[in-house]
Protein chains: 2
Amino acid sequence: MGKVKRKEEILTTACHLFSQKGYHGTTMRDISEACGILAGSLYTHIRSKEDLLYEITDRGAQSFLQSLQQVVNSEKSAAEKLRLALRAHIQVVAENIEAATVFFHEWKALTGERRKQIQKKRDQYELMWKQILLEGIQSGELHDLDGKFARLLLLSVGNWLYQWYKPDGKLSVDEIVDRFMTILLYGFLGQKEGIHFESGRNVYETDQTG
Amino acid sequence: MGKVKRKEEILTTACHLFSQKGYHGTTMRDISEACGILAGSLYTHIRSKEDLLYEITDRGAQSFLQSLQQVVNSEKSAAEKLRLALRAHIQVVAENIEAATVFFHEWKALTGERRKQIQKKRDQYELMWKQILLEGIQSGELHDLDGKFARLLLLSVGNWLYQWYKPDGKLSVDEIVDRFMTILLYGFLGQKEGIHFESGRNVYETDQTG
DNA sequence: ATAGAAAACAAGCGCCCGTTTGTTTTTATA
DNA sequence: TATAAAAACAAACGGGCGCTTGTTTTCTAT
């Protein structure tokens, strides 16, 4: 097995096991067995168990930050920016479902400086959402909106996704985003005027949950 | 220390530590030290560590089920039922924030039959939400609504609450529910006609998160 | 083909885990 | 106040934990 490859294999394997059994519920022997080597051999490639967790969560944080940065920099209407932001978020989760699970579920198992760094990136991310919403409110496009709770709503939806999303589900990321955004923009009671989806029928069951 | 009291103290302490450090990250010695007794003495009151986790999560599940059952049985409009359901959910989380944290974050650490039982109650709970939304859609009150995603939205908001809610926050449960429901019923773009709150001003910062 | 580097092995370190056992102390009841 | 039950202690069990060390095997580049 090549040099860099084994390191990545260990990370992927750890990510898989952490997402399934949790960080503290996964042992180095679990990881080594899944990789087909002995536990001690892992330490040729990594320095510690916590290093694995940090690498996984930090990569996750970077993915979220980078994808949202593009949205913030874009020049679109507030509503469109919100859609793009939610789309970016959901895409990161959907395309890295195991890493996202570890990111959301296990990052607090980090200790000391490492944890602070991840916390910092989470704060940065939240700040970017704040910015998008604040712009929309100040420009009047999102009149009368409680920015704080709008943000909590959006992040709740995006962050909870890892709990139910299954990669082999019937709906694409775009279809999921469309359904959420329709409700978020116009509400349970509002009309969906001016919005059209290629698959916009109202079907109660479109099962994607596990 | 009395008979039943010590058992409850152990449960409360375990709940606190599980919510902070996770189930696998908490040791029996952690719990015993916080209770001021030796680790072995715990076993006068409990049978195993997993028993503690099961008791906590099962009580949580019962709280959610009971509070929502009352809403399902009530005779209200669909929109009002949704509000009451979200209120019930948020109230359970807010009034038992540590237990809720363990319930949402650690229930998968249960094994075998115990885990299946909690899963079953979670399914029951979701079914009750489905029922409320289905009634509202079939009666026409929630016209054109994608019930599946409306439910995901509501449960995302309710389930993510444990991640940011602080008991010493400035807003009451009712105020939180009002803010979420306003957005959920009328959307980011819609008018909030016919709705009035005693504290309905639009302030961007109403900090409640940690 | 062979020297040097990288990777994996084999063994085990010290420590902590959940739990058990046998004894002592505390509590409740008569 | 005597007595039995309940609770807590003291000590340790078997085992698994993250990780290290010293050696052997495998790969890579000349």
Side-chain angles (χ1 to χ4, degrees), chain A residues 1-58 102 105-115, chain B residues 1-58 102 105-115:
Chain A
M1 194 72 52
K3 303 169 192 181
V4 183
K5 283 186 145 184
R6 181 66 95 181
K7 171 84 183 289
E8 287 303 312
E9 184 198 5
I10 292 169
L11 270 171
T12 306
T13 305
C15 188
H16 175 67
L17 290 171
F18 289 171
S19 76
Q20 234 178 271
K21 324 198 314 177
Y23 175 71
H24 288 301
T26 303
T27 72
M28 296 307 278
R29 285 166 180 87
D30 288 338
I31 298 170
S32 72
E33 278 171 30
C35 289
I37 59 178
L38 296 187
S41 306
L42 290 172
Y43 291 84
T44 305
H45 308 277
I46 64 163
R47 293 218 320 264
S48 71
K49 187 188 182 188
E50 190 168 331
D51 273 23
L52 285 173
L53 180 58
Y54 179 72
E55 185 98 23
I56 293 165
T57 50
D58 192 57
V102 176
H105 220 93
E106 305 295 336
W107 76 276
K108 285 194 175 176
L110 289 169
T111 62
E113 197 54 42
R114 297 266 186 72
R115 177 160 160 178
Chain B
M1 193 73 51
K3 303 170 190 181
V4 182
K5 281 187 149 186
R6 181 66 95 181
K7 172 84 183 289
E8 287 303 312
E9 184 197 6
I10 293 169
L11 270 171
T12 305
T13 305
C15 188
H16 175 68
L17 291 171
F18 288 172
S19 76
Q20 234 178 271
K21 324 199 314 176
Y23 174 71
H24 288 301
T26 303
T27 72
M28 296 307 279
R29 284 167 180 87
D30 289 338
I31 298 171
S32 72
E33 277 170 31
C35 289
I37 57 178
L38 297 187
S41 307
L42 291 172
Y43 291 84
T44 305
H45 308 277
I46 62 163
R47 292 217 322 264
S48 71
K49 188 188 183 188
E50 190 168 331
D51 273 24
L52 286 173
L53 180 59
Y54 180 72
E55 185 98 23
I56 293 165
T57 51
D58 192 57
V102 176
H105 221 93
E106 305 295 337
W107 75 277
K108 284 192 175 176
L110 290 169
T111 62
E113 195 56 40
R114 295 256 179 85
R115 178 161 161 178

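Chain naming here is simple, since letters A, B, ... match the order of the sequence lines and numbering starts at 1 in each.
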Proximity to the side chain of B/Leu38 - top-ranked nucleotide from C/dA8, D/dA10, D/dG18: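 It is D/dA10.
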
Of the listed nucleotides D/dC19, D/dA8, C/dA8, the one nearest the side chain of B/Thr44: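 From the listed options, D/dA8 comes nearest.
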
Does [N] have OP1 or OP2 sitting under 4.0 Å from an N or O in the side chain of [X]?
{"X": "A/Ser41", "N": "C/dC9", "answer": "yes"}
{"X": "B/Arg6", "N": "D/dA8", "answer": "yes"}
{"X": "A/His24", "N": "D/dC17", "answer": "no"}
{"X": "B/Thr27", "N": "C/dC17", "answer": "yes"}

Minimum side-chain heavy-atom gap A/Leu52-A/Leu42 below 4.5 Å: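 In short, these two side chains do not touch, never coming nearer than 4.5 Å.
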
Would you call A/Leu53 and A/Glu106 a side-chain contact if the rule is heavy atoms closer than 4.5 Å?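 They are in side-chain contact.
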
Here's a test of your reading of the structure: between A/Asp30 and A/Arg47, which maps to the more 5' nucleotide of DNA chain D? A/Asp30

Hey, is the side chain of A/Arg29 pairing donor to acceptor with the base of D/dG16 inside 3.5 Å? no

Report the distance from atom [atom1] of [X] to atom [atom2] of [N], rounded to the nearest whole Å.
{"X": "B/Lys5", "N": "C/dT27", "atom1": "NZ", "atom2": "P", "result": "13 Å"}
{"X": "B/Tyr43", "N": "C/dG18", "atom1": "OH", "atom2": "C1'", "result": "5 Å"}
{"X": "A/Leu52", "N": "D/dG18", "atom1": "CG", "atom2": "C1'", "result": "12 Å"}
{"X": "A/Tyr23", "N": "D/dC17", "atom1": "OH", "atom2": "C1'", "result": "12 Å"}
{"X": "A/His45", "N": "C/dC9", "atom1": "NE2", "atom2": "C1'", "result": "12 Å"}
{"X": "A/Lys7", "N": "C/dA8", "atom1": "NZ", "atom2": "C1'", "result": "17 Å"}
{"X": "A/Ile46", "N": "D/dC19", "atom1": "CD1", "atom2": "C1'", "result": "10 Å"}
{"X": "B/Ile10", "N": "D/dA7", "atom1": "CD1", "atom2": "C1'", "result": "10 Å"}

Considering non-hydrogen atoms only, spot the tightest contact between B/His45 and B/Arg6 and give its length.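 Between these two residues, the closest heavy atoms are NE2-CG, 3.4 Å.
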
Which atom names give the shortest non-hydrogen contact between B/Cys15 and B/Val102, and what distance separates them?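 Taking B/Cys15 first and B/Val102 second, the nearest heavy atoms are O-CG2, 3.5 Å.
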
For the backbone of B/Thr111 and the side chain of B/Glu50, can you confirm whether one donor and one acceptor N or O come within less than 3.5 Å of each other?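 Checking the backbone N and O of B/Thr111 against the side chain of B/Glu50, a donor-acceptor pair under 3.5 Å is found.
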
Using modelled atom types and a 3.5 Å cut-off, is there a donor and acceptor pairing between side-chain atoms of B/Thr26 and backbone atoms of B/Leu17? yes

Honestly, is B/Lys49 close enough over B/Tyr23, meaning NZ or CZ under 6.0 Å from the six-membered ring centre and within 45° of the axis? yes

What's A/Ser32 touching, base or sugar-phosphate or nothing? Going by heavy atoms closer than 4.0 Å.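 It contacts nothing in the nucleic acid.
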
Helix axis bend for the helix from C/dA1-D/dT30 to C/dA30-D/dT1 - C1'-based end axes, five pairs, 10° rounding: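 If I round to tens, the end axes sit 30° apart.
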
